[in-house]
Structure formats: structure tokens, C-alpha cells
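Counting convention: from 1, in listed order, for ligands and their atoms alike. Hydrogens, waters and symmetry mates are skipped; everything else that's a heavy atom, side chains included, is used.
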Amino acid sequence: MITASGVTFAYDGTPVLDGVGLAAPAGGVLGLIGPNGSGKTTLLRILYTALRPRSGAVLLDGEPVVDLPGRELARRIAVVAQESPPELPISVAEMVLLGRSPHRSSLRSFTGDDHAVAATALRRVGMREHAERSFSLLSGGEKQRVLIARALAQEAGHLLLDEPTNHLDIRYQHEVLGLVRALGITTVVVLHDLNLAARYCDRLVLLDGGTVAATGPTAEVLRPEVLEPVYRVSVRRFDEDDCVQLVFRPRAEPAVRPR
Ligand code: ADP
């Protein structure tokens, strides 16, 4: 379980998060949604200690994350961040094996088990046949799937993902999020696409200007009257097969008067 409370953060004096809290229940998928610049990535980075909040606390299974040594944190939290890893001259298989690093002692090389776990992770994202290719030569979507495989190979009990469906075609958007959900591990995922959030998240936190505009079970947050003032678009909702479907339309802009 991951919880955060009273999280406040500023970049160079500019406030970005103000008293934000969340609770990612054990084994469930919590989605972070909100317009551009609302603070989703900043909050996610605070959860995995890449940023330190000005105030507030983040707990991992009840322990403050800032108290956990880096290696232990890496065994317990896997991260798929937005920024690409440095362009290392390594193969796809080697990139995924890096996910095993927190599990090996510095003195020994990767074991047969490590290789087997990495191969399984690659297969799960449909990239097994690309194992020997150079990572840096992959397309954006292929890289994304490999980075997700690296996170799976880490076998951490918590998974944090920042817009993991960026660069993916529709089929892989669903496959990757379906896979993440089926893992049954505690997950926090930043998502832009609210229909993907509807299908794959158990709960949502809606950020708006650095504060929590709404939080709760997915179907309760994804209501037109909640979304419209935050995104400033018209929203229509249909409930189909137990899943919320949203259709968006730009609001009529006031006519611009000729000078
Ligand atoms: P979101 O993920 O919801 O789009 P971010 O957390 O990326 O939002 O950004 C929140 C706000 O913080 C934005 O106004 C953004 O411009 C600003 N910001 C993000 N990263 C930095 C940074 N490294 N330095 C200064 N401002 C930043």
C-alpha cells in the first residue's frame, strides 16, 4: 500500500502541489488524472523519492519512503518514468536484466533465474523476439514495452507508471494496461486518456492546479459534473458493460469580435 498525505511542493518557489493526499490500496490500480500541469508527474516523482516534498509524508506499507535505503526501495517499487533512459549501447535483453539489479549482490553476475524472469517479462509485453536487438534502435512504443518489461522483471510489490501508454498503438495501450492490472500489485499510474482510466483503474485521484479536485472509485470521479469544470470541455458519459465511456466536445468559445 502507498499513502501520501499533506504533500506540498514548489519548484524554485512556484507552488505546484498543495496539501495533496492519496491512498493506493494493496493490489489495486490507482490512476492519477488531471489537465496538463496539474502536478501528476511531480506527485508521482515524490512517491518514489526522486523529489522531496516541502511538507507531507509518503508511506510504503506504513513506513516513510524517505527512511528506506535505495536498494530496498528498488526492490519494493518499480518505476516506469516518462524520461527515456540514457542511450546505452545495450540489447533489449540486457535492458530488461537491469530490472534484476536490486536482487543480486554486487559481487555476482546475473543467475539463470534472473535471465528466466527477464525472458518471461519480455514475452509478457510481446517483445521476446526482439531480445537481441539494440535498445536504442527501437521505436518509441517498442522502447516503452521494454521498459515495462524491465519494471516487471524487478518483481517489486509496487509499480509506478507515468503515462505508460504514450507512444503505444491502441492494441498495446490495452494490452499493457490489461497486463498491469492482471499483475494484482499495488499500482499508481498517471494517465491522460480518461477512457483508459475508466477501464483499468479501481480508484482515481483528479488533480487540478496542484490540489485534489476529486478522489474515489473510478465511476464516481468520472462524472461529467466533476470533469467539466476541471478540463473545461463538455463531457457525455455512457455506461456500457460495467465500464464508463466518455465522449468529449469542445465548449463553444465566445466569438472573437473583429477590431
Ligand atoms: P502534469 O504531470 O500534471 O502535467 P507536472 O507535475 O509535470 O504536471 O508539472 C506541474 C507544474 O510544475 C507545471 O506548471 C510545470 O510547468 C511545472 N514544472 C514541472 N517540472 C518542473 C521543473 N523541473 N522545474 C520547474 N517547473 C516545473
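Proximity of atom 16 (O) of ligand 1 to the protein is not indicated, since no non-hydrogen protein atom lies closer than 4.0 angstrom.
Counting only distance, with no hydrogens or angles, the side chain of E220 and the backbone of P217 share no donor-acceptor pair below 3.5 Å.
Remark: ligand 1 atoms within the under-4.0 Å shell around heavy atoms of S38 are 1 (P), 3 (O), 8 (O).
The protein heavy atom nearest to atom 8 (O) of ligand 1 is G39 N, 3.2 Å. Of all protein heavy atoms, the one closest to atom 19 (C) of ligand 1 is Y11 CE1, 3.4 Å. In this structure, the protein non-hydrogen atom closest to atom 3 (O) of ligand 1 is K40 NZ, 2.8 Å.
Ligand 1 is approached by P35 to a heavy-atom distance shorter than 4.0 Å. Ligand 1 has no atom lying under 4.0 Å from any heavy atom of G34.
Counting heavy atoms under 4.0 Å from ligand 1, residue T42 touches it through both backbone and side chain.
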Apply side-chain contact (heavy atoms from CB on, under 4.5 Å) to V92 and M95, showing your working.
CA-CA 5 Å; V92 165; M95 178 58 89; 5.7 Å; no

Are F135 and V96 close enough, and set up right, to give a side-chain contact (heavy atoms from CB on, under 4.5 Å), and what steps lead you there?
CA-CA 10 Å; F135 177 78; V96 178; over 6 Å; no

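R76 pairs in a side chain to side chain donor-acceptor pair (under 3.5 Å) with only one of the listed residues (E63, H158, Q154), which is E63.
Looking at T41, V16, N36, it is T41 that brings a heavy atom closest to atom 2 (O) of ligand 1. Atom 10 (C) of ligand 1 has its nearest heavy-atom neighbour, among G210, G209, G37, in G37.
E155 and R100 are joined by a salt bridge, as a carboxylate oxygen and a charged side-chain nitrogen come within less than 4.0 angstrom of each other. The pair D202-R181 meets the salt-bridge criterion, since a charged nitrogen lies less than 4.0 angstrom from a carboxylate oxygen.
Between H174 and Y200, the gap from one ring centroid to the other is short of 6.0 Å.
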